[in-house]
Structures are given as structure tokens and as C-alpha cells.
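Below: one structure, written as C-alpha cells.
Starting from 1, each residue takes its place in the sequence as its number.
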Amino acid sequence: MSAQTEILKQQIPLDLGHRNALGRDDFMVAGNNQDAVAWMDLWPEWPAPCLVLYGPIASGKTHLGAVWAERTEAMCVKAADINETMIRDIAEMKHHVIIEDSDNLIGNIVGEKGLFHLYNIFKEEKRSFLLTLKEPPVRRSFALPDLASRLRAAPSVAIREPDEDLIAALLVKHFNDRQLRVGVDVLNYIVPRIERSFEAVSDLVEHADQMAMIEKRKISIPLMRVILNQ
């Protein structure tokens, strides 16, 4: 375990409290996401109408998008809602836009036509949209060659899997968001044993919260041992 992680956890208060989970101050800038943060800060000097933000589930794409939306007054649209009518509505609203969870649009001719139309409108009107995906466009198979060429040429930036230091910080944040009291000893127990992924941290904290509530127990090493061994 690194000295930086140990110092971080020694500074963690036993009562973690509660705070807003989606503000700029709540977003943890680390080696795995600093390039993505730099691209958000670069706006409005993006070289294309679209920026693709990609990374694994629960990696912070939604959070970083919310930070960008607050700065730009962008509206958030779920990819599942994209259709011809929605594209017209977006065009009329004159907002910048975030399109979240867009993976199912790629390879879907109807969805791709909507994105292509949106791209062209935003290029003409000098507006921006943020597209979130699990993988970059260069690794995806498109149904519409024109859209493929545009998105593959657009800037793409990753949020990568976390290192040990970030795992510790993420555990603090997730427990904090649920207003759960967690001791430093519990965090020291979890960090070397948990899978190093955002999804694993989110799932573990959710499971711990549910089990502690059902069994009327506090978050402790014995409780975490049971969860981690399942």
C-alpha cells in the first residue's frame, strides 16, 4: 500500500457526513481522469462540435458531464430518448448538450442518423455536445460511414480505471454520499482486497449499505469481510 494512500486515510474523519455529490469540488481529479478534466476546461476552444468522453461504468462520466453542464448551461439528454423529434427539439432550444450512455446509438442506423444530423447542426451553429461512451469511436463499428468519420476525427478522451489512491478516495466519497459512518480501519481493510474498478467500489458500498440496514449493523471489518468473500 502506498505511503500516499496511508496518509490520505489517516486524514479521513470517522464521521464522513454528507455533501453534494455532483459539484465541481466533489469531482476527484487524479491521474486517471486529469486529461478529461483538461478537455472540459479547454471548452469553448474544442476543435470540433463534439467531444467524446469514454470510460467504464461508474467511472465518473456523468459527474464530469454535470460539472461541464453547470459551466456551459448544457442540457442532458439520455441516448435512449434520441429520435428525429428530439433532434428537432434540441436544435430549437439553442443549448449545448450532453448525450449520455450513447453506446446503443452506435451501430443503430436510426440513432446514428440522429447523431449525424445533430453534429451538422451544432457545427453550423457553433454549439457543442458531449457524447459519453464506454469505448472510443475508433473501436466501434458504425452503420453510417459519414458519422463514423466525424466521430473518429473528433477529440476523444478517456477516464481510466482507478489506482489504489483513487480507490481509497472513492470509497470515502461513496460512503459519504450515503451518510454512512466508516472508520479508517475499515477503509484500510477494503482497499487491498477490492477490485480496482469504479463499478466495484459503487457495488460494494451499495451492498454494505443494504446489509447494514437489514441486519441493523454498523459498517465494520466483519461486515466487509462477509461482502468481499461473497
Are side-chain heavy atoms of [X] and [Y] found at a separation under 4.5 Å?
| X | Y | answer |
| --- | --- | --- |
| E199 | P56 | no |
| M40 | L64 | yes |
| H207 | Q230 | yes |
| I106 | E112 | yes |
| N32 | F198 | yes |
| D177 | V205 | no |
| P222 | R217 | yes |
| M86 | I90 | yes |

Counting only heavy atoms not in D146 (residues, nucleotides, ligands), do more than 12 fall under 6.0 Å from its CG?
yes
Approximate separation, where rounding is to 0.5 Å, of [X] [atom1] and [Y] [atom2]:
| X | Y | atom1 | atom2 | value |
| --- | --- | --- | --- | --- |
| R127 | H96 | CZ | NE2 | 8.0 Å |
| D103 | L133 | CG | CG | 5.0 Å |
| L53 | S156 | CG | OG | 9.5 Å |
| I57 | K134 | CD1 | NZ | 4.0 Å |
| M211 | I219 | CE | CD1 | 9.5 Å |
| C50 | K123 | SG | NZ | 12.5 Å |

Would you say [X] and [Y] are hydrophobically clustered, going by side-chain heavy atoms of ILVMFWY under 4.5 Å?
| X | Y | result |
| --- | --- | --- |
| V110 | L118 | yes |
| L42 | I159 | yes |
| L180 | M213 | no |
| I221 | I227 | yes |
| I214 | L223 | no |

Let me know which of V182, L171, V201, D185 forms a side chain to side chain contact (heavy atoms under 4.5 Å, CB included) with I190.
L171
Under the criterion side chain to side chain contact (heavy atoms under 4.5 Å, CB included), which of I167, V191, L166 is the partner of R196?
I167
If you compare all heavy atoms of [X] against all heavy atoms of [Y], which two are closest, and at what distance to 0.1 Å?
| X | Y | result |
| --- | --- | --- |
| I121 | A91 | CD1-CB, 3.8 Å |
| E73 | H95 | O-ND1, 3.1 Å |
| I87 | G114 | CD1-O, 3.4 Å |
| A69 | I98 | CB-CD1, 3.7 Å |
| A143 | P145 | O-CD, 3.6 Å |

Treating [X] as the side-chain partner and [Y] as the backbone partner, does any N or O pair qualify as donor plus acceptor under 3.5 Å?
| X | Y | value |
| --- | --- | --- |
| H174 | S202 | no |
| R140 | G107 | no |
| N33 | A30 | yes |
| T72 | W68 | yes |
| R193 | N229 | no |
| R152 | P137 | yes |

Candidate pair D101 and K61, rule salt bridge (Lys or Arg N to Asp or Glu O under 4.0 Å), full reasoning:
CA-CA 9 Å; D101 304 323; K61 299 188 296 293; 5.9 Å; no
Take L51 and S128 through the side-chain contact (heavy atoms from CB on, under 4.5 Å) test and state the conclusion after the steps.
CA-CA 8 Å; L51 174 70; S128 302; over 6 Å; no
We want to know whether E195 and S197 form a side-chain donor-acceptor pair, criterion being a heavy-atom distance below 3.5 angstrom.
yes
Go through it in stages, so that I can follow the logic: the residues are N120 and R150, the test is side-chain contact (heavy atoms from CB on, under 4.5 Å), and I'd like the CA-CA distance, side-chain angles, deciding distance and then a yes or no.
CA-CA 10 Å; N120 290 335; R150 281 162 175 74; 3.4 Å; yes
Listed once per pair and sorted, the ring-ring contact (aromatic ring centres under 6.0 Å, His included) pairs that draw on residues 101-135, sequence neighbours left out
F122-F129
